[in-house]
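Side-chain atoms are counted along with the backbone in the values below, which use heavy atoms only and exclude waters and symmetry mates. Chain letters run A, B, ... following the sequence lines, proteins first, then strands; residues in each count from 1.
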There are 2 protein chains.
Amino acid sequence: MIFAVVCLTALSLPAGMVIFMQSRTPSPLPRTGRPRSAAADAAILEATRAALVDLGWSKLTMGDVATRAGVAKTTLYRRWAGKNELVVDAVAVLFDELELPDNGSLAADIGGVVLQFAALLNRPETKTALMAVVAESTRDEPLRERIRTSIVDRQKRLVLEGRARAHARGELPLEADPAAAARTADLIFDVVAGAVVHRTLVSAEPVDEEWVDRFTTLLLGGLASVQA
Amino acid sequence: MIFAVVCLTALSLPAGMVIFMQSRTPSPLPRTGRPRSAAADAAILEATRAALVDLGWSKLTMGDVATRAGVAKTTLYRRWAGKNELVVDAVAVLFDELELPDNGSLAADIGGVVLQFAALLNRPETKTALMAVVAESTRDEPLRERIRTSIVDRQKRLVLEGRARAHARGELPLEADPAAAARTADLIFDVVAGAVVHRTLVSAEPVDEEWVDRFTTLLLGGLASVQA
DNA sequence: AGCTTTCGCTACGACTCGTAGCGTAACTCT
DNA sequence: AGAGTTACGCTACGAGTCGTAGCGAAAGCT
């Protein structure tokens, strides 16, 4: 029995793999028996976000989430290994809202995405949860992987798409070496995401039009240097 | 050694400093009675860092720190309001190690500081603690202030000093408007700190010479555009 | 039907929290 | 030296959380 094997494996492993078979990845779901309630899944994630807003990270408890979602605490533990994994899933969805607007120029496109990202980070459930799970992930490699695949890597599409558009417009030269191009994309991603996060969460200053203008100017000017 | 110096200095300084570093209660330093043990302070902060390495943030408990430090749990609560404040102080000292090396050019100076910062972030007690307290600070304004004054603002000196040197070398034009210059300094700070943190903790990729080269190139090229 | 899995519920031991009370130690001022 | 004041270690406590186990009932499948 495949499922039995999976369960035994999961039980003998610390966290991580248990989640693998759940919501994020299409899993070898058992064909028989009572299926898991999709409504419960949605209610739990929604309740988690609400609890994050009200309580923050450290005071959020599994029991409280269960009560808010109208499910039993045991149901939570049947699906998620703990607070970390639950919160990652609860927040990951929010990042899919990000889109690359077509504002006509590379600078305007970047500015648009930066403003969206900043707005997302200003939502209390996002800002509270994101840093917390990143902090936990420094001691928990599976959790970091989960964050990377569920949140971070998905957003790199924005960088790639923006660059493709810029190429089409003739705003950026095409990098000959694909490896170098990939490294540049990673660099841009770290700079953009890092700067906005730091500005918002550490410096606690607003990401307004004026800051975005200065930032995009810096980024584009620097990009020309890097690709030269 | 460094810690001992800091503690002794703090104790020999007038009230404000000590109170601010240790507890948020603005009570005047009593001139009479048994003084607080500076050795206990040092032992507690050291134990906190050790516990962070071993346990991480979420599993670190006040009782464990007290045991490691060889003091009573009540002593911890007499000095710090809770885990957040304790960890901020325990980690803040580490950031004072950062120095701006004089490598002859602005690019080399920036590269040197970035490498130092990355090395600092790679220490397990730093990476684990920093993100955790930032996460908590999103729901705790006094804590954020504590982080800003104890850690962040103190490092801005690096940006200011680096720029002053670059001016002296004639590598950068002097910005006429002091307000604009201040905004530019803040922008640089957010970009540098944010990018390094994101690269290290989120992307989990090494900040090596090659990355630093690309990053400084981007930053300096962008800086020229911003100040143009 | 029979089988399988999930569900809600209750209960549990183990742990952490933050505080209170006590007697003692350390230092200052008179 | 003595009195006054504060910090210290220790113990104990109620409250809260954790993660798990066991139960009967519900919901799907063949």
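- Of the candidate nucleotides D:dG9, D:dG28, C:dT6, D:dG9 has the atom nearest to the side chain of B:T75.
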- prompt: Using a cut-off of 4.0 Å between protein heavy atoms and nucleotide atoms, how would you tag nucleotides 13-24 of chain C 5' to 3' with B, S and -?
  reply: ---SBBBB----
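- The CG atom of B:L76 sits 15 Å away from the P atom of D:dA7 (whole-angstrom rounding).
- The side chain of A:V71 sits closest to C:dG8 out of D:dG9, C:dG8, C:dT6.
- Under the salt bridge (charged side-chain N to carboxylate O under 4.0 Å, His left out) criterion, the residue pairs touching residues 60-71 of chain A are A:D54-A:R68, A:D64-A:R68, with sequence neighbours excluded.
- Annotation: salt bridge (Lys or Arg N to Asp or Glu O under 4.0 Å) contacts of A:E99 (sequence neighbours excluded): none.
- Under the ring-ring contact (aromatic ring centres under 6.0 Å, His included) criterion, no residue pair touches residues 46-69 of chain A, with sequence neighbours excluded.
- Partners of A:T216 by side chain to side chain donor-acceptor pair (under 3.5 Å), not counting sequence neighbours: none found.
- For the side chain to side chain contact (heavy atoms under 4.5 Å, CB included) test, residues two or more places apart in sequence or in another chain that qualify with A:A185 are A:V159, A:L160, A:R163.
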